[in-house]
Amino acid sequence: MRIAVLGTGYVGLVSAACFAQGGHRVTCVDIDEAKVAMLCRGDVPIYEPELEKLIADGRRRKRLYFVSDSAAAVTGADIVFIAVGTPTRASDGHADLLQVYTAVESLVPFLKAGAVVVTKSTVPVGTGDTIEHLIGNVRPELDFEVASNPEFLRAGRAVQDFLRPDRVVIGAQSDLAATGLMKLYCSVGIEQERILLTDRRSSELIKYAANGFLATKIAYINEIAELCEKVDARIGDVTKGIGLDERIGARYLQPGPGFGGSCFPKDARALAKMGEDHEAPMRIIETVLASNEARKRSMARKVAAACNGALRGKTIAILGLTFKADTDDMRDAVSIPLAQALNDAGSILKAYDPVANGRARDVLPSGVQYCSSAAEAANGADAIVIATEWQEFAEMDFRKLRAMVRAPVIIDLRNFLSEEEIKRSGFSYYGIGGPRRHAFETVSPRLVSTRPFYAKAGKMTDSNNLLLQRLAAAE
Ligand SMILES: NC(=O)c1ccc[n+]([C@@H]2O[C@H](COP(=O)([O-])OP(=O)(O)OC[C@H]3O[C@@H](n4cnc5c(N)ncnc54)[C@H](O)[C@@H]3O)[C@@H](O)[C@H]2O)c1
C-alpha cells in the first residue's frame, strides 16, 4: 500500500517505520522542516529504543521517505494517517485540535478517490465526523472515508508495543475502510484476533477511557502509598497483595511521584472536559487529576523532610528528568514542578538525565546546573533525588558516591533502587510508601492459600503465631 503519515513525532515516526517494515511505501510529512532535514540525513530526532535501526532499514530499502509538503506524501496514498499532536488547550483544558485541522486542510487537495483518512492522534469523540465534513465541504465529489485508529504505544517501548500490541482498535463507518486497515495491520504481523473493529465514535472514546483508567490506577496506588507511610504499612506488600487478584492485575500499580508524560495528564483533562460538554461528568477523572497534582507538589516536601526541613542553600542532585525512563520526552515530567519547587525554596540544583539534558533546559528553571553524569551531579550534594527510574542509576557505585556527596541522603521517588545496598553504602534511604523490604522475604510471590504462606514465612511475629493457631483450630 502507499501510506502517508502526517506528523513525525513519537507516534508518527514509529508507525511509519513499522508500516515500512511490513513492505509498504510510506511517506512522512512534518511542518517542522528542521526535523524533516534531520530525518533525510538519517538522524532520528527522538530517543526511542530500536527506532533508529528500523528507520535506517526503511530508508535503505527505499520504503520510507520524509518530506515537508503534504502534496508529495498524500498524492496517490491509499491511507493517510494523521499523527500530529493534540496537546491541552491552554485556555480551557480541552484537547487542542489545531494541528489536526491544519493537517486535514493540507491533505484535502491531494486526496485520491477511495483514500482512507485515519486519525491516529488522540482526538475527542466526534472529531472524525468533523474531519469528514471538512473534507466533504471542500471536495464534495470525492469518494473517501474517515476512520479512527488510536495508538496505545508507550514511550520507551514504542516499537515493541506497535508490533506486538495487546490490541489494535479500528473505528470505521464502512467495511471497506475496516478491511483495508485490518489488512495493513495483519501485514506487519499482527494477528487478526488482536484487532477490535468498532464504529468511529466508540474507537475515539476507547483511547480516552483506557488512559483515564490507567491514570486512575496510578493515582489510586499513590494515595495508598501515602496512607502506607502514615499507618506504617508496606506499599510493596500491599501492591503485591492486591495485584495478585486477577480482577485487579499487578501492572500500573507502581507508586511514584505522580503521572506525567505526553498522554495521561492531557488525555485525562480532555476526558473531563468531554464529560462536561456532554453533561456526563467525569467525577472520578476530575479527582484523579486533582490527586495527581497534589502528589507532584508533595514531592518537594518529601525532599525537604529528608533534608531536615531545610532546603535553602542545600545542593540537590536530581537524577532523571524525563517523565519516565527510556524516553527523552519531557512533557509534563515530574522533574519540572519538583525542580521549580526546590528552586523556589532556595536550593542549588544540579541535574542529570542520560538522554534529555538538552530538552530539559527548555522547561526547567534557568538556574539549574546540568551535569554530564550522575556522579558529577552528586558531587558535593546534600541530597540525591531519583526522579526517573533509568537503569544506570541502579548500577551506580554507591560507595564511591558516598565519598563524593556532602550529606549521604537518597530520596528514591520511584522505589526502584536497592534500599539495602544504599544503606550498606552509608546513605540514608527515603523511598515511597513505607519500608521497602517485604515483611517476609521468603514468601513466594505466587501465593495460593494462607497455609503455604505461613509455612514458608521466615520470621514470625506473635500475632502471626496466634493466627496460625486459630487457623489450625478452625481446620
Ligand atoms: N507520545 C506517545 O507516547 C503517544 C502514545 C499514544 C498516542 N499518542 C497520541 O498521538 C498523537 C501524536 O503524539 P506524539 O507524541 O507523536 O506528538 P509529537 O508532538 O511528538 O509529534 C507531533 C508532530 O506533528 C507535527 N505536526 C504538527 N502539525 C502538523 C501538520 N499540520 N502537518 C504535519 N505535521 C505536523 C509536529 O511538528 C510534530 O513533529 C497525540 O494525539 C498523542 O496524544 C501519543
Side-chain angles (χ1 to χ4, degrees), residues 4-18 27-39 44-49 51 66-74 77 80-89 94-110 117-124 127-128 131 134 148-162 165-169 203-204 206-208 210-212 214-215 259-271 322-333 359:
V5 177
L6 276 63
T8 60
Y10 293 82
V11 167
L13 266 185
V14 171
S15 312
C18 291
T27 309
C28 302
V29 197
D30 205 292
I31 48 166
D32 183 338
E33 293 192 4
K35 215 179 227 188
V36 173
M38 247 182 120
L39 287 160
V44 179
I46 56 169
Y47 174 83
E48 187 58 56
L51 183 60
F66 300 99
V67 296
S68 49
D69 77 304
S70 296
V74 177
V80 181
F81 283 97
I82 298 175
V84 298
T86 49
T88 297
R89 193 159 63 198
H94 278 89
D96 186 343
L97 296 179
L98 184 67
Q99 292 183 37
V100 172
Y101 294 138
T102 311
V104 171
E105 234 172 68
S106 78
L107 67 84
V108 182
F110 313 107
V117 175
V118 186
T119 47
K120 205 165 232 324
S121 298
T122 304
V123 292
T127 305
I131 294 174
L134 286 173
S148 157
N149 169 221
E151 183 50 60
F152 298 95
L153 60 76
R154 290 164 293 176
R157 299 183 45 105
V159 172
Q160 285 301 317
D161 281 352
F162 192 93
D166 290 338
R167 79 308 204 183
V168 169
V169 174
S203 168
E204 288 168 337
I206 286 169
K207 174 67 192 179
Y208 282 106
N211 273 2
L214 293 173
F259 58 77
S262 63
C263 291
F264 288 172
K266 75 151 176 87
D267 291 349
R269 279 180 219 122
L271 179 57
T322 51
F323 84 91
K324 66 174 184 179
D326 297 323
T327 180
D328 58 356
D329 201 334
M330 285 295 300
R331 285 176 281 187
D332 261 311
R359 284 177 187 247

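Order of listing sets the numbers, starting from 1, for every ligand and every atom in it.
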For [X] and ligand 1, does the shortest N/O to N/O distance drop below 3.5 Å?
| X | result |
| --- | --- |
| C263 | no |
| T102 | no |
| Y10 | yes |

Aromatic F152 / basic R167 pairing, under 6.0 angstrom, 45° off normal: yes
Among all protein non-hydrogen atoms, which one is nearest to [atom], and what is the separation to 0.1 Å?
| atom | answer |
| --- | --- |
| atom 3 (O) of ligand 1 | L153 CD1, 3.8 Å |
| atom 24 (O) of ligand 1 | G7 CA, 3.4 Å |
| atom 35 (C) of ligand 1 | V84 CG1, 3.4 Å |
| atom 30 (C) of ligand 1 | I31 CG2, 3.7 Å |
| atom 13 (O) of ligand 1 | V11 CG2, 4.1 Å |
| atom 42 (C) of ligand 1 | K266 NZ, 3.8 Å |
| atom 9 (C) of ligand 1 | T122 OG1, 3.5 Å |
| atom 1 (N) of ligand 1 | S262 OG, 3.2 Å |

If you take the nearest heavy atom of each of [options], which one is closest to [atom]?
| atom | options | result |
| --- | --- | --- |
| atom 7 (C) of ligand 1 | E105, R157, K120, E151 | E151 |
| atom 17 (O) of ligand 1 | R331, Q99, K207 | R331 |
| atom 22 (C) of ligand 1 | A73, A155, G85 | G85 |
| atom 41 (O) of ligand 1 | T86, D32, D30, L6 | T86 |

Partner residues of A73 under the side chain to side chain contact (heavy atoms under 4.5 Å, CB included) criterion, sequence neighbours left out: A4, T27, V29, V67
Candidate pair K324 and R154, rule side-chain contact (heavy atoms from CB on, under 4.5 Å), full reasoning: CA-CA 10 Å; K324 66 174 184 179; R154 290 164 293 176; 3.7 Å; yes
Working for side-chain contact (heavy atoms from CB on, under 4.5 Å), residues I131 and T119: CA-CA 9 Å; I131 294 174; T119 47; 3.4 Å; yes
From CA spacing to verdict: side-chain contact (heavy atoms from CB on, under 4.5 Å), V5, I82: CA-CA 6 Å; V5 177; I82 298 175; over 6 Å; no
Closest approach of [X] to [Y] (non-hydrogen atoms, all atoms of both residues):
| X | Y | answer |
| --- | --- | --- |
| S15 | V11 | OG-O, 2.6 Å |
| E151 | K120 | OE1-NZ, 2.8 Å |
| R359 | I46 | NH2-CG2, 3.7 Å |
| L6 | S70 | CD2-OG, 4.5 Å |
| L271 | G212 | CD2-CA, 4.3 Å |

Need the ligand 1 atom indices (1-based, order shown) with element for anything under 4.0 Å from a heavy-atom of [X].
| X | result |
| --- | --- |
| A103 | 31 (N) |
| K35 | 38 (C), 39 (O) |
| V29 | 33 (C), 34 (N) |

Ligand 1 contact on S121 by region, counting heavy-atom pairs under 4.0 Å: both
Contact check, S106 vs ligand 1, heavy-atom distance below 4.0 Å: no
Listed partners of F81 passing ring pair (Phe, Tyr, Trp, His ring centres under 6.0 Å), at least two apart: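 With neighbours one apart ignored, the set is F19.
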Pair K266-T86, side-chain donor/acceptor within less than 3.5 Å: yes
